[in-house]
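So you know, we letter chains A, B, ... as the sequences are listed, proteins then strands, and number each from 1. Both backbone and side-chain heavy atoms feed into the values below; hydrogens, waters and symmetry mates do not.
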Amino acid sequence: MAERPLDVLNRSLGVQVLVGLKGGKEFRGKLAGFDMHVNLVLEEAEEIQGGESVRRFGTLVIRGDSVVYISPAG
Amino acid sequence: MAERPLDVLNRSLGVQVLVGLKGGKEFRGKLAGFDMHVNLVLEEAEEIQGGESVRRFGTLVIRGDSVVYISPAG
Amino acid sequence: MAERPLDVLNRSLGVQVLVGLKGGKEFRGKLAGFDMHVNLVLEEAEEIQGGESVRRFGTLVIRGDSVVYISPAG
Amino acid sequence: MAERPLDVLNRSLGVQVLVGLKGGKEFRGKLAGFDMHVNLVLEEAEEIQGGESVRRFGTLVIRGDSVVYISPAG
Amino acid sequence: MAERPLDVLNRSLGVQVLVGLKGGKEFRGKLAGFDMHVNLVLEEAEEIQGGESVRRFGTLVIRGDSVVYISPAG
Amino acid sequence: MAERPLDVLNRSLGVQVLVGLKGGKEFRGKLAGFDMHVNLVLEEAEEIQGGESVRRFGTLVIRGDSVVYISPAG
Amino acid sequence: MAERPLDVLNRSLGVQVLVGLKGGKEFRGKLAGFDMHVNLVLEEAEEIQGGESVRRFGTLVIRGDSVVYISPAG
């Protein structure tokens, strides 16, 4: 039952995730990598507002320090 | 009497918890894991406003740096 | 005369304390535990506004990073 | 001439000090202890606004992370 | 599939990148270097607002602590 | 030519300095000490607004974490 | 091609630089020194608003923690 946070990220590699940042921005993309600081690499990333894509990126590196939550698509 | 904070989290595994974040957001879900940085894993997570669920997630990883308080359901 | 901050917390175990957080929230409860990061465990915790209880929790874990001040009841 | 900050705190033990916090709050009280993180213990503490006491505490532990300045009474 | 964040920066050397900062500023420029703190060096850097260049710099060193995201041009 | 920041503080001991803090407050006083965290001790300190003294302190300890800039009087 | 951020600062010693801080303030001056925390020493420093000098300092020590970007004059 005790699943470590980085384990969740590990089994989410290749899966689409939603990432919430300090200040309220949200990004969605395929999790392509991360490190122990929770720095993230998303592929086919897009910024999301109200569930809608408002901006598209290719690869996006997000600094862990700005990350509030990460949710893999179910 | 002196119960350490991480001990409380440990005995709350599998239990529904309320998590308050910097900026005021609150999430509720079953605590599925955590680490020593108080990074958390919630299952069947939802965002709460005024006691009501306003958004549903499956698994949610929350960075400890954003966490203000955690309260296990009684 | 030189009483260390963590010593004050140690002799406040089991005592009701008032905890002020960044952003201005205040919680009151019986101090049930803490660690060296000033992460706290409160029992019979409640959120306080203007001296009044506005919300009740059972056990509440508060991250030290959010704590501004702690005052044991006299 | 080179007086270290913690030396000033050390010779201020038992003396009334004014403490300014991030966000602008000020507390006044007798400095009863501190540690190397500049966590402070005040006795007979009170919150000050415009030079007036607006709230009284007994013992107050203040986290160093919130402290901006400390001034011992002359 | 697990590509580390710093690896993405490494293979982006010499490539134009978009850098988003805390507070919302965005800079664009050729990534000329970085270190493990995600401090960045951009060449031919410009500040971007609404997709338009509003200010030009030559070399720009950005502190990693202010960086939220980095996206290499596709 | 490469003068280290702490060297500047060292040769400013006993000299009046202007200290700018996060949030915009400025203090002026004789630099009586500092440590490697840039915690400062000012003597005959005063808070400055628009070049005018608005509040006088005797000794003032300022936490380095709040300091943005320090300028010794020419 | 991989030029490290501190290398850029090193070859900017004696050169006029523009320094952007958290909160938006900008300073300009001759870079006289720095350390690995990106604490900076500027000589003949001035605060800049809209490209104009609004305040002059002699020597200015800036804490790295407040620095967002540094750009050497071309």
*Go through A:I62, A:D35, A:T59, A:L40 and name the one with the most non-hydrogen pairs under 4.5 angstrom from chain E.*
A:T59
_Atom group of A:R56 that falls short of 4.5 Å from chain E, counting heavy atoms_ = neither
*chain E heavy atoms under 4.5 Å from A:K22: which part of the residue, side chain, backbone, both or neither?*
neither
*Against chain E, label A:L42 side chain, backbone, both or neither, depending on which of its atoms sit under 4.5 Å from a heavy atom there.*
neither
_Within-4.5 Å side-chain heavy-atom neighbours: E:I48 and E:F27_ = no
*Just do the side chain to side chain contact (heavy atoms under 4.5 Å, CB included) check on E:V8 and E:E3 with the steps written out, would you?*
CA-CA 7 Å; E:V8 175; E:E3 186 175 38; 3.6 Å; yes
*Has E:R11 got more than 12 heavy atoms of other residues, nucleotides or ligands less than 6.0 Å from its CZ?*
yes
*Contact winner vs chain A - E:V17, E:D7, E:L6, E:L18, heavy-atom pairs under 4.5 Å*: E:L18
*Polar side-chain atom of E:N39 near backbone of E:F34 as donor-acceptor pair, under 3.5 Å*: no
_Verdict with supporting geometry, E:V38 and E:D65, side chain to side chain contact (heavy atoms under 4.5 Å, CB included)_ = CA-CA 8 Å; E:V38 194; E:D65 179 53; over 6 Å; no
